[in-house]
Student: 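This is the structure I have questions about; it appears just below.
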Amino acid sequence: MAEYDPQAIERKWQARWDADRAFEADPDPSKLKYYVLEMLPYPSGTMHMGHMRNYTIGDVIARYRRMQGFHVIHPMGWDAFGLPAENAAIQRGIHPREWTNTNIESFKRVCRRFGFSYDWRREISTCEPEYYRWNQWFFLRMLERGIAYRKRSRVNWCPKCQTVLANEQVVNGCCWRHEDTPVEAKEIEQWFLRITQYADELLETLDQLEDGWPERVLTMQRNWIGKSRGTRIRFTVDDPRGNRGEFIEVFTTRIDTIYGASAVILAPNHPLVEKLLGYAGTKSLYWTRLLRLRQASVKTEDIATAEKEGIDLGWHAINPFNGEKIPIWVGNFVLMEYGTGAVMCVPAHDERDFEFATKYGLAKPIVVQPDEDKPLTPESLDAAFTEYGKSVNSGPYSGLPSERAIEKMTADAEARGFAKGEIIFRLKDWGISRQRYWGTPIPVLFCEKCGVVAVPDKDLPVVLPTITKFSGTGQSPLASVPEFVNVKCPKCGGAARRETDTMDTFIDSSWYFYRYADAHNDKAPFDPAIVRYWLPVDQYIGGIVHAILHLLYTRFFCKVMRDLGLVNHDEPVKRLFTQGLVLKGGTAMSKSKGNVVGAEDMAQKYGCDTGRLYTLFAAPPEKDLEWSEQAIEGCARFLQRVHRLVSRHADLLSKAPAGSGLGVSLDSATPKEKALLRKAHQVLRRVTNDFESRWHFNSATALLMELVNEIQTQEPLEEGVRPEVAREIFELLTLMLAPMVPHLAEELWEMMGRTQQTLAHSRWPQFVPQLAAEDQVEVVVQVNGRVKRRIQVEAGLGEAELVERVLSEPKIMKLLDGQRIFKRIVVPDKLVNVVLR
RNA sequence: GCGGAAGUGGCGGAAUUGGCAGACGCGCCAGCCUUAGGAGCUGGUGGCCGAAAGGCCGUAGGGGUUCGAGUCCCUUCUUCCGCACCA
């Protein structure tokens with residue numbers, strides 16, 4: 001009997017799949033397509049179990065869908081631009097391209113080693129000109145439409161990365177790659193993509209994803225976009241020494257509380273602050289204190305807990321509703337980046353204003369009263385009342401409910417010209433310039449005469465030149481390559497300089513899965529007709545880390561592509577699955593923490609099927625998974641057991657024609673056959689359900705283990721099991737194993753004499769209810785809801801009959817001892833509850 | 001602080017709609033086989049009481065709805081995640 005030799009089996013079947021081109025699929029309108037996608041990896045160092053888990057989940061789904069007859073596209077590629085490659089170059093003197101390609105080779109080798117069913121013809125690598133030229137093409141289209149634009153602004157600078165970060169790439173005030181490195185503020189001129197133009201739609205179409213995306217991710221995106229409906233109100237600055245026409249615009253969602261405003265507060269870096277101090281000649285007086293307010297900590301935890309601080313500027317603003325003069329302050333809690341950089345301070349109805357007013361002794365007029373509770377009084381007010389209620393002390397608006405007051409006051413204020421209803425978003429435009437080398441060159445030139453000039457399409461790609469010196473000084477490395485920088489202006493022929501910043505690598509990953517559909521197109525990013533067949537993605541699988549970053553950007557790109565007429569859907573991904581992390585010692589595997597288990601080492605030790613099975617069995621896929629050497633041994637044992645089991649019965653199985661089991665009638669079946677067929681079909685029903693709706697591969701695996709256990713308890717099969725029945729059972733087992741442990745399944749299939757076709761395209765078996773049905777069931781007998789006895793009865797008894805049978809059972813009669821029965825609850829085939837009371 | 005998810009044996013985790021809690025695996029215990037076992041096989045394994053039959057307790061704590069609750073409701077606690085002066 002041949003031992004289970006995973007290495008040999010795995011090589012053998014991988015070669016066979018390659019020869020069969022088993023996983024290649026091209027558009028075929030007669031077939032239902034299914035797009036399975038795993039987030040493309042950044043190939044750094046070696047592939048670890050975290051990656052491997054991601055791809056295993058995707059592969060099981062791809063293989064299962066294929067067995068269901070779907071036309072499956074399942075591609076893989078490489079997120080190949082990015083900082084680690086450049087840092088490796090600086091530290092070790094290896095060119096980023098070389099470092100990256102070595103890693104890609106290694107990742108690809110491991111992917112093949114695990115038998116992931118990718119269509120490798122579609123492989124892309126984002127650092128190749130054939131790919132990034134389309135990044136440039138998209139950028140130019142956005143430039144034409146005003147979606148890409150250039151501006152000078154305060155940006156997030158990571159001193160470790162030596163480059164700018166987008167807002168989404170700042171986590172807790174620190175760089176998303178360097179969680180202990182606070183970002184610094186820097187004024188830089190850079191390129192932005194006007195994602196805010198789509199803010200409303202990015203929010204609206206999240207509703208379409210309700211059924212397919214985790215609620216968590218949807219919530220995070222909604223919060224990030226941060227839509228807020230309110231009013232922009234203009235307060236005139238009271239100017240006793242002449243009218244300079246200064247005014248302050250505040251944004252508020254609660255215009256109804258304006259009669260309760262006791263100050264206007266400006267952000268410390270609001271331009272008007274210095275102006276007003278200048279007018280009054282009081283700059284020197286306030287300057288030190290003002291600087292202190294401006295030096296807010298960047299750590300967000302600190303910000304939230306920081307004490308409110310302010311400075312009374314000595315100026316007043318006029319409340320446009322009642323003409324009242326209220327002081328103008330500067331406050332450290334007012335953000336220049338949000339709204340108008342100025343707020344009206346309504347202490348009685350805003351928590352922050354309450355705190356501020358308490359500290360500085362500002363008045364707290366009450367202008368909203370709660371609906372039910374007893375009315376607020378200045379004496380009883382110990383916290384801000386921020387809910388809606390009824391307006392009071394608000395001139396003509398007194399008595400209105402808050403909602404009405406907001407509407408009416410906004411309308412009136414608009415009519416009188418000092419306010420405007422407005423919707424603002426927390427979302428900011430996406431800053432995409434990076435002062436680094438290893439990325440897509442931004443295809444524009446700066447001409448002395450013509451200004452900013454787009455590189456003409458025909459000159460794409462703007463190829464990233466090969467450079468050899470990497471300093472990491474924060475200067476764009478491309479600036480030091482004269483042959484790259486100095487060009488002729490395509491418009492006027494005069495001298496021009498190329499843009500030397502490169503694009504954020506999140507551009508690369510925003511549309512890569514469209515490129516997979518038509519990976520070698522050299523006329524366009526892709527052929528819209530092909531994309532119409534394959535896209536949108538039916539199932540995307542990846543980590544929760546990308547809940548905002550990548551998934552927001554890619555949704556934005558989809559909408560831009562739609563507006564360019566390239567695609568006809570609004571959302572790129574129908575269903576999203578966020579898998580859990582692979583932990584070791586309680587933390588996520590990562591190179592920096594030194595706790596990685598290499599996928600290749602693992603495959604070498606146990607075989608990849610064992611590795612696949614372990615990651616599927618150890619936890620449901622959405623949960624984190626703690627790596628355990630002991631538990632993986634259990635999976636290895638199980639596969640060995642299955643292999644031995646089939647080996648042992650090869651003779652018996654060879655006596656039956658293939659696929660003959662279905663005709664077996666239960667009437668003529670032996671008890672052993674009945675037991676086996678029942679178990680097999682019960683397992684099939686539940687495994688199919690786990691695959692279909694929940695992807696609980698852990699319980700599916702447990703069920704298959706149960707089936708194997710059952711087969712073993714029915715041994716020897718030669719006695720009492722006909723070959724065709726044995727065959728049916730073993731084929732069911734093998735087909736169900738196929739998506740999870742495909743190599744072993746193929747081998748078993750062959751051992752059973754099936755040689756014509758691989759399992760890759762075999763059909764998923766059909767559940768037969770009659771075969772799963774039990775003819776004896778165990779019924780639980782409860783007294784007053786507590787389980788007392790269990791009895792065997794034939795299945796399918798009616799309620800009355802079942803009660804009759806239960807009550808006539810001697811051991812039940814003894815239990816009840818003639819007591820009066822108050823009530824009976826009957827669940828056929830399951831339970832009888834006798835209520836005595 | 002706000003929002004969300006979760007809490008089940010020694011461990012990972014099952015339990016589809018309110019109907020047998022702990023499937024399956026790991027670990028552990030006992031036995032078989034073996035020159036040997038870090039291999040294989042058999043059996044046991046939530047806690048307490050009991051020789052056994054059986055009984056009692058048990059899904060973070062408390063309360064409730066129900067004939068019946070891991071599952072539904074209220075409440076407290078804990079953990080994890082997200083947001084964090086967003087006006």
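We name chains A, B, ... by the order of the sequence lines, and we start the count at 1 in each one. Computed from a prediction, not measured in an experiment: that's the story for all the values here.
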Student: When all nucleic acid strands are considered with a 4.0 Å heavy-atom cut-off, which category describes A:R232: base, sugar-phosphate, or nothing?
Tutor: nothing
Student: Side chain of A:E706 only, please: which of B:G27, B:C83, B:A23 is the nearest?
Tutor: B:A23
Student: Reading nucleotides 9-18 of chain B 5' to 3', which nucleotides get B (base under 4.0 Å from a protein heavy atom), which S (sugar-phosphate only), which -?
Tutor: ---BSSSB--
Student: Is B:G9 in the syn range, within 90° of 0, or in the anti range?
Tutor: syn
Student: Taking the C1' atom of each, how far is B:G9 from B:U45, in whole Å?
Tutor: 10 Å
Student: Could you state the CH2-P distance from A:W213 to B:G82, rounded to the nearest angstrom?
Tutor: 18 Å
Student: Does A:E215 have any salt bridge (charged side-chain N to carboxylate O under 4.0 Å, His left out) partners at least two apart in sequence or in another chain, and if so, which?
Tutor: A:R222
Student: Who pairs with A:E692 by salt bridge (charged side-chain N to carboxylate O under 4.0 Å, His left out), at least two apart in sequence or on another chain?
Tutor: A:R65
Student: Under the criterion side chain to side chain contact (heavy atoms under 4.5 Å, CB included), which of A:I233, A:V250, A:V334 is the partner of A:V264?
Tutor: A:V250
Student: Might you list the N or O atoms of the protein lying below 3.5 Å from N or O atoms in nucleotides 19-22 of chain B, with each pair's distance?
Tutor:
from	atom 1	to	atom 2	distance (Å)
B:G19	N2	A:Q782	OE1	3.2
B:C20	O2	A:R790	NH1	2.6
B:C20	N3	A:E778	OE1	3.3

Student: Could you list the residues that satisfy side chain to side chain donor-acceptor pair (under 3.5 Å) with A:T231, not counting sequence neighbours?
Tutor: A:T410
Student: Please enumerate all residues that pass ring-ring contact (aromatic ring centres under 6.0 Å, His included) together with A:F577, with sequence neighbours excluded.
Tutor: A:W695
Student: Using the C1' atom on both, measure B:G22 against B:G47 and round to a whole Å.
Tutor: 13 Å
Student: Tell me whether the guanidinium CZ or amine NZ of A:K308 lies under 6.0 angstrom from the six-membered ring centre of A:F333 and within 45° of its axis.
Tutor: yes
Student: Using the C1' atom as the point on both nucleotides, what is the distance between B:A14 and B:A23, in whole Å?
Tutor: 5 Å
Student: Using the ring centroid of each side chain, check whether A:F697 and A:F617 are separated by less than 6.0 Å.
Tutor: no
Student: Can you label the angle between the A:F356 ring and the A:W329 ring as parallel, tilted or perpendicular, going by 30° and 60°?
Tutor: perpendicular
Student: A:D200: which residues meet the salt bridge (charged side-chain N to carboxylate O under 4.0 Å, His left out) condition with it, sequence neighbours left out?
Tutor: A:K227
Student: Under 6.0 Å from the ring centre and within 45 degrees of the ring axis: does the NZ or CZ of A:R234 meet both conditions for the six-membered ring of A:F418?
Tutor: no
Student: Base, sugar-phosphate, or nothing for A:G226, non-hydrogen atoms under 4.0 angstrom?
Tutor: nothing
Student: Kindly give the atom pairs (protein nitrogen or oxygen, nucleotide nitrogen or oxygen) under 3.5 Å for nucleotides 62-65 of chain B.
Tutor:
none

Student: Could you tell me how far B:G25 sits from B:A15 if I compare only their P atoms? Round to whole Å.
Tutor: 16 Å
Student: How would you list all residue pairs meeting side-chain hydrogen bond (donor to acceptor under 3.5 Å, both in side chains) that involve residues 772-781 of chain A, not counting sequence neighbours?
Tutor: A:R678-A:D775, A:Q682-A:E774
Student: Quickly work out the A:L293 CG to B:C85 P distance and round it to whole Å.
Tutor: 16 Å
Student: Base, sugar-phosphate alone, or nothing: which one does A:K428 contact when heavy atoms must sit under 4.0 Å apart?
Tutor: nothing
Student: Heavy atoms only, 4.0 Å cut-off, all strands: where does A:T252 land among base, sugar-phosphate and nothing?
Tutor: sugar-phosphate
Student: With sequence neighbours left out, which residue pairs that include part of residues 779-798 of chain A fulfil the salt bridge (Lys or Arg N to Asp or Glu O under 4.0 Å) condition?
Tutor: A:E794-A:R805
Student: Excluding sequence neighbours, so at least two apart, what forms side chain to side chain contact (heavy atoms under 4.5 Å, CB included) with A:V803?
Tutor: A:L807, A:R824, A:V826
Student: Listed by chain and number, what are the side chain to side chain donor-acceptor pair (under 3.5 Å) partners of A:H550, not counting sequence neighbours?
Tutor: A:Y540
Student: Under 3.5 Å for both donor-acceptor distances, Watson-Crick or wobble: does B:U71 have a partner, and if so which one?
Tutor: none
Student: Among B:C26, B:C56, B:C67, which is the nearest nucleotide to the side chain of A:K823?
Tutor: B:C67
Student: Looking at B:A5, which nucleotide sits across from it as a Watson-Crick or G-U wobble partner, both distances under 3.5 angstrom, or is there none?
Tutor: B:U79
Student: Counting Watson-Crick and G-U wobble pairs only, both distances under 3.5 Å, name the nucleotide matched with B:A30, or none.
Tutor: B:U42
Student: Given B:G25, B:G82, B:A87, identify the nucleotide with an atom nearest to the side chain of A:M220.
Tutor: B:G82
Student: Would you measure the distance from the P atom in B:A60 across to the matching atom in B:A21 and give it in whole Å?
Tutor: 16 Å
Student: Return the pairing partner of B:U17 with a 3.5 Å limit on both distances, Watson-Crick or G-U wobble; otherwise return none.
Tutor: none
Student: Indicate, with a heavy-atom threshold strictly under 4.0 Å, whether A:V334 touches base, sugar-phosphate, or nothing.
Tutor: base
Student: Would you mind reading off the distance between A:R229 atom CZ and B:A87 atom P, rounded to a whole angstrom?
Tutor: 13 Å
Student: Touch check for A:R216, heavy atoms < 4.0 angstrom, all strands: base, sugar-phosphate only, or nothing?
Tutor: sugar-phosphate
Student: In whole Å, measure the gap between the P atoms of B:G44 and B:A53 for me.
Tutor: 14 Å
Student: Check every atom of B:C85, B:C57, B:G27 against the side chain of A:N332 and return the nucleotide holding the closest atom.
Tutor: B:C85
Student: Using atom P of each nucleotide, how far apart are B:A84 and B:C20 to the nearest Å?
Tutor: 45 Å
Student: Distance check, C1' atoms only: B:C11 and B:G46, in whole angstrom units.
Tutor: 13 Å
